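Written out below as structure tokens is the structure these notes cover.
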Amino acid sequence: MDEQALLGLNPNADSDFRQRALAYFEQLKISPDAWQVCAEALAQRTYSDDHIKFFCFQVLEHQVKYKYSELTTVQQQLIRETLVSWLQAQMLNPQPEKTFIRNKAAQVFALLFVTEYLTKWPKFFFDILSVVDLNPRGVDLYLRILMAIDSELVDRDVVHTSEEARRNTLIKDTMREQCIPNLVESWYQILQNYQYTNSEVTCQCLEVVGAYVSWIDLSLIANDRFINMLLGHMSIEVLREEACDCLFEIVNKGMDPVDKMKLVESLCQVLQSAGFFSIDREEDVDFLARFSKLVNGMGQSLIVSWTKLIKNGDIKNAQEALQAIETKVALMLQLLIHEDDDISSNIIGFCYDYLHILKQLTVLSDRQKANVETIMLAVMKKLTYDEEYNFENEGEDEAMFVEYRKQLKLLLDRLAQVSPELLLASVRRVFSSTLQNWQTTRFMEVEVAIRLLYMLAEALPVSHGAHFSGDVSKASALQDMMRTLVTSGVSSYQHTSVTLEFFETVVRYEKFFTVEPQHIPCVLMAFLDHRGLRHSSAKVRSRTAYLFSRFVKSLNKQMNPFIEDILNRIQDLLELSPPENGYQSLLSSDDQLFIYETAGVLIVNSEYPAERKQALMRNLLTPLMEKFKILLEKLMLAQDEERQASLADCLNHAVGFASRTSKAFSNKQTVKQCGCSEVYLDCLQTFLPALSCPLQKDILRSGVRTFLHRMIICLEEEVLPFIPSASEHMLKDCEAKDLQEFIPLINQITAKFKIQVSPFLQQMFMPLLHAIFEVLLRPAEENDQSAALEKQMLRRSYFAFLQTVTGSGMSEVIANQGAENVERVLVTVIQGAVEYPDPIAQKTCFIILSKLVELWGGKDGPVGFADFVYKHIVPACFLAPLKQTFDLADAQTVLALSECAVTLKTIHLKRASPSVPLVHSGRLGAPLFAFFFSPGPECVQYLQQEYLPSLQVAPEIIQEFCQALQQPDAKVFKNYLKVFFQRAKP
């Protein structure tokens, strides 16, 4: 072996050595016999370095996984012998191998097992067991091999081919017949021998039992001797967590519902009599978390049994199952209310399913009603934050609590389904008593009281948030709580969690303010002062900006009396913060977007006349325009790149803010009706000069382009005079990304204005195409994936542009570009359909082709197009699907094939039969020959007599194809075409 290359395997080696080691590994993988060197090194223990040993196993692993079938019988025998002799050597080693080497060895054993067990090595387990016997090191490796085999056969995270899945099923069936009882016996011996002397091996063995129990005969494990031993392990501190997990897997095993009930009940009796149900005496929270998972498993298993028995009509046993479930509820509740959230979280599944049972019962007993109430109180208590929760710097623990809260919310929703009246009454009681004394109550209790009110909105669902109409008692209770919330003064509570919950809740129940609008002013003040948008916490300010926007939008009809006051109060929050003033604004630019949108909504939806709306909108946007002009001048003069970037950012924000105000307009309140066209046209004139700025082009163009998109919607044809010069600037010095983002703008204009923009499109069509072709033809590094992806996306955008032009009835834009250019364009579409393995682009190309055939394929079409159809379009419909890259198992490719079928069908329908044969191959647009049209399937004739025979298609298949093509139902031909190409491809 290359000793120099092996030095690179050390993690501390420098990068050159590591690269050399990597190259050496690749070399050994390719070499037909290099693996034998590694096998010999392992068998003879040539190397003591752990990384080299691991490396040798990696080479062997690659050989077994990918090249085993290429080996001779002798070579395969050598691999078996190497592994067995390595295993024998482990019995004698003074020190065990490192864990990572043992795991890798186990993986290689497992790969060899799945490859050879059914054919050449049926005595695999007997050979392994005869080597390891009860030697602790041998047992350790034996158990690791078993886990690796289980992973190969059963692990759902490993993706298997259907062939591998069939093989794995056959292996498991054979193992059940031939060796599982012996393996189970070996596990029992290992557990018995090592339970008091070697906890590591015992825990490994329990893990193996837990893994295999899901697919072996349960009676081999669920019997007195095994269960008694496992229960014994439950009392041994170092074993009991693993024993718990093992029992959980046994309980989880699918089986007959009555048998499952008996198994769970007998297990529960033993655990209870051994004192495990006395949760309050147990201090080990790690064990309790596993025990909670076990109880959850037992509870859910009983519920599954009950469900099956009810379904089967076995009422007697179903009653027994329900009784068994009820006897576990007290234990479930103890675990649910436990102060450790992991313990509580592990039992939620049982709790949720139990409530589902109660929901199905017509009448609840007093005991069951009491259980529902206890669960409700437990959920309310467990929703509460603890003292350690870090609101300013949320980490992993905080994220876990947020997830746990989501689980509790599901329980609350389920409680609402079982007893909505009880939930409403309980929440009301907690809410009222807490809010009465909020000044002297701890923040977490105040927060959870408001949180419960917030959660009721989803727990007691209504359509369109109509919580305050319909059911009188419910509406009245919610109205009372909302009134208390907004009048109690709790919005002043000095904790961010309470403040945020307050604002979230008032927005969630915005319909309350249509019932009691007198409370709107005090809530608006809370949003606008130190409690909301001017809060000391940036997190609160940011969230409030969004919530304020939602609040105003949803209540815009009630806002009229407050509009000017709000606009005055938010004036300072609308200021654009240039980079040089050093002033740290209260809101980030993202938050300011919401404030601008809110201002726009207030103005547009007001009851003011159009002149007043225009004046207010001008007041809102003029400062942005003025700042924009100043900053653009500064940018032109800026030398420092960092300063240029920050100025460009600021300019981009200004455009973004103006753009965001336009979101307030709607079909009912258009820009014209509000008298605001002039203001936005002024904005356009102010922002467009940024397109000619040579500095920071990307960010400036992006912002102005987005603004143009909005103005096309808002200003409609008034925007058209600005488009030609804007386009001209945006096409200068283009990169792939610029073009990709520019084309959707042209598509939007084309689709919206159609014939109105025909002159403009005709003028800019070829300049745009030249810019696209220039970028696409630029050379790029062969392995530069990002450049290849950019070109692919640009190609898609180009074809999308052509599709928009043809689909908007504007094909004359293409036709008027001159014969040479038209042909060039059409050839690129053919290339897109055939040459590039991109089904999304191919689909678009076939859509373009079928549209052009529809528009130009008749007798009035451009001279020469008929020739192009038969010379290029028809062949494209066959060459593309015949390519190896055209994967008919891929959904996008099937869509491309569907459009290909539409193209052929359109050609068939549009082409009548000429009396002159198609022989000319002149350039498109050049004078060809006259077509004398008479009835008859010209396309079918061409396919039958010329094209399909040229592809060596059998005459009977040609006949079949042409019959399918002539079917009136297009779907029949689409389905046929897929089958046709599936047969045609090797």
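In this chain, numbering begins with 1 at the start of the sequence shown. Not measured: the values here are computed from a predicted model.
The side-chain heavy atoms of Asp284 and Glu241, taken from C-beta on, include a pair separated by under 4.5 Å. Side-chain contact between Met234 and Phe287 is present, with at least one heavy-atom pair separated by less than 4.5 Å. Using a 4.5 Å heavy-atom threshold, the side chains of Asp591 and Ser588 count as touching. Residues Leu500 and Arg543 form a side-chain contact, since some pair of their non-hydrogen atoms from C-beta on lies under 4.5 Å apart. Contact of the Ile250 side chain with the Leu230 side chain is registered, since non-hydrogen atoms from C-beta on lie closer than 4.5 Å. Counting heavy atoms from C-beta outward, Glu504 and Ile450 have side chains that stay 4.5 Å or more apart. Counting only heavy atoms from C-beta outward, the side chains of Leu288 and Asp340 never approach each other to under 4.5 Å. At a threshold of 4.5 Å between non-hydrogen side-chain atoms, the residues Leu478 and Phe468 count as touching.
The local environment of CD in Glu396 is sparse, with at most 12 non-hydrogen atoms from other residues, nucleotides or ligands closer than 6.0 Å. In Arg281, the CZ atom is not crowded: 12 or fewer heavy atoms of neighbouring residues, nucleotides or ligands sit closer than 6.0 Å. Counting heavy atoms of neighbouring residues, nucleotides and ligands inside a 6.0 Å radius, atom CD of Glu200 does not exceed 12 of them. Applying the 6.0 Å contact sphere to CD of Glu283 captures no more than 12 heavy atoms from other residues, nucleotides or ligands.
In the model, Tyr404 has a side-chain atom that pairs as donor or acceptor with a side-chain atom of Ser344 under 3.5 Å. Counted by atom type alone, Arg240 and His233 present zero donor-acceptor pairs between their side chains at under 3.5 Å. Between the side chains of Asn296 and Gln300, at least one donor N or O sits under 3.5 Å from an acceptor N or O. Counting only N and O atoms by type, the side chains of Asn317 and Trp306 include no donor and acceptor under 3.5 Å apart. Ser278 and Asp280 share no side-chain donor-acceptor pair at under 3.5 Å. Residues Glu394 and Tyr389 have side chains that bring a donor and an acceptor to within less than 3.5 angstrom of each other.
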Report task. Report the C-alpha separation of Cys244 and Glu242 in whole Å, then their side-chain angles, then the decisive distance to 0.1 Å, and conclude whether the side chain to side chain contact (heavy atoms under 4.5 Å, CB included) test is met. Result -> CA-CA 5 Å; Cys244 230; Glu242 209 61 62; over 6 Å; no
Requested in this report: Start with the C-alpha distance between Leu263 and Leu218, add both sets of side-chain angles, then the distance that settles side chain to side chain contact (heavy atoms under 4.5 Å, CB included), and finish with yes or no.
Outcome: CA-CA 11 Å; Leu263 172 68; Leu218 188 64; 4.2 Å; yes
Query raised in the report: Could you go step by step and tell me if Tyr385 and Val448 meet the side chain to side chain contact (heavy atoms under 4.5 Å, CB included) rule?
Result: CA-CA 8 Å; Tyr385 287 114; Val448 90; over 6 Å; no
Requested in this report: With side chain to side chain contact (heavy atoms under 4.5 Å, CB included) as the test, would you mind laying out the steps for Phe513 and Val506 before giving the verdict?
Outcome: CA-CA 9 Å; Phe513 298 96; Val506 295; 4.1 Å; yes
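Of the candidates Lys382, Glu403, Gln407, Gln407 is the only one forming a side chain to side chain donor-acceptor pair (under 3.5 Å) with Ser345. Put simply, the residue from Gln368, Met376, Lys369 that forms a side chain to side chain contact (heavy atoms under 4.5 Å, CB included) with Val372 is Met376.
Aromatic pair Trp187/Phe226: ring centres not closer than 6.0 Å. If you look at His467 and Tyr509, their ring centroids are closer than 6.0 Å. Between Phe502 and Tyr493, the gap from one ring centroid to the other reaches at least 6.0 Å.
Listed by first then second residue, pairs satisfying salt bridge (Lys or Arg N to Asp or Glu O under 4.0 Å) with a partner in residues 252-271 read Glu265-Lys328, not counting sequence neighbours. Here salt bridge (Lys or Arg N to Asp or Glu O under 4.0 Å) pairs that include residues 446-460, with residues two or more places apart or in two chains, are Arg405-Glu447, Lys409-Glu458, Arg451-Glu501, Glu458-Arg508. Applying the salt bridge (Lys or Arg N to Asp or Glu O under 4.0 Å) test to residues at least two apart or on different chains, the pairs with a partner in residues 477-496 are Arg428-Asp480, Asp480-Arg483, Arg483-Glu516. Annotation: salt bridge (Lys or Arg N to Asp or Glu O under 4.0 Å) contacts involving residues 296-323, sequence neighbours excluded, comprise Lys316-Glu320.
Closest approach of Val427 to Leu453, counting heavy atoms only: CG1-N, 4.1 Å. For the residue pair Gly489 and Trp438, the shortest heavy atom distance occurs at O-CZ2, 3.1 Å. Taking all atoms of both residues into account, the shortest heavy-atom contact from Asn390 to Glu398 is N-OE2, 3.0 Å. For the residue pair Leu424 and Ala477, the shortest heavy atom distance occurs at CD2-CB, 3.9 Å. Phe277 and Cys268 get closest at one heavy-atom pair: CZ-O, 3.8 Å. The two residues Ala378 and Leu336 come nearest to each other via the heavy atoms CB-CD2, 3.8 Å.
Note that CD1 of Ile343 is 7.0 Å distant from OG of Ser292, once rounded to the nearest 0.5 Å. Note that CG of Asn346 is 11.0 Å distant from CG of Leu294, once rounded to the nearest 0.5 Å. Interatomic distance, Tyr352 OH to Leu415 CG, rounded to the nearest 0.5 Å: 10.5 Å. The CE atom of Met298 sits 11.5 Å away from the CG atom of Asn252 when rounded to the nearest 0.5 Å. Put simply, CD1 on Ile279 and CD1 on Ile337 are 13.5 Å apart, with the number rounded to the nearest 0.5 Å. Atoms CE and CG, from Met147 and Asp155 in turn, are 9.0 Å apart once rounded to the nearest 0.5 Å.
For Arg541 (side chain) and His535 (main-chain N/O), a donor-acceptor pair under 3.5 Å exists by modelled atom type. Of the possible donor and acceptor atoms, one in the side chain of Ser305 sits under 3.5 Å from a partner among the backbone N and O of Ser301.
Aromatic ring pairs are classed by plane angle as parallel below 30°, tilted from 30° to 60° and perpendicular above 60°; the pair Phe350 and Tyr354 is perpendicular. By the 30° and 60° cut-offs, the orientation of the rings of His519 relative to Phe512 is parallel.
With salt bridges taken as basic N to acidic carboxylate O contacts below 4.0 Å, one links Asp245 and Arg290. The existence of a salt bridge linking Lys539 and Glu392 is excluded, since no basic side-chain nitrogen approaches an acidic carboxylate oxygen closer than 4.0 Å. Residues Arg442 and Glu387 are paired through a salt bridge, judged by an N-O separation under 4.0 Å between the basic side chain and the carboxylate. A salt bridge does not link Asp217 to Arg176: none of the charged nitrogens lies less than 4.0 Å from a carboxylate oxygen.
Taking the ring pair (Phe, Tyr, Trp, His ring centres under 6.0 Å) definition, one finds that His530 meets it with nothing, sequence neighbours left out. Applying the ring pair (Phe, Tyr, Trp, His ring centres under 6.0 Å) rule to Phe527 yields the partners Phe503, Phe548, Phe551; only residues at least two apart in sequence or on another chain are considered.
Annotation: cation-pi geometry satisfied between Lys293 and Phe248 (NZ/CZ under 6.0 angstrom from ring centroid, within 45° of ring axis).
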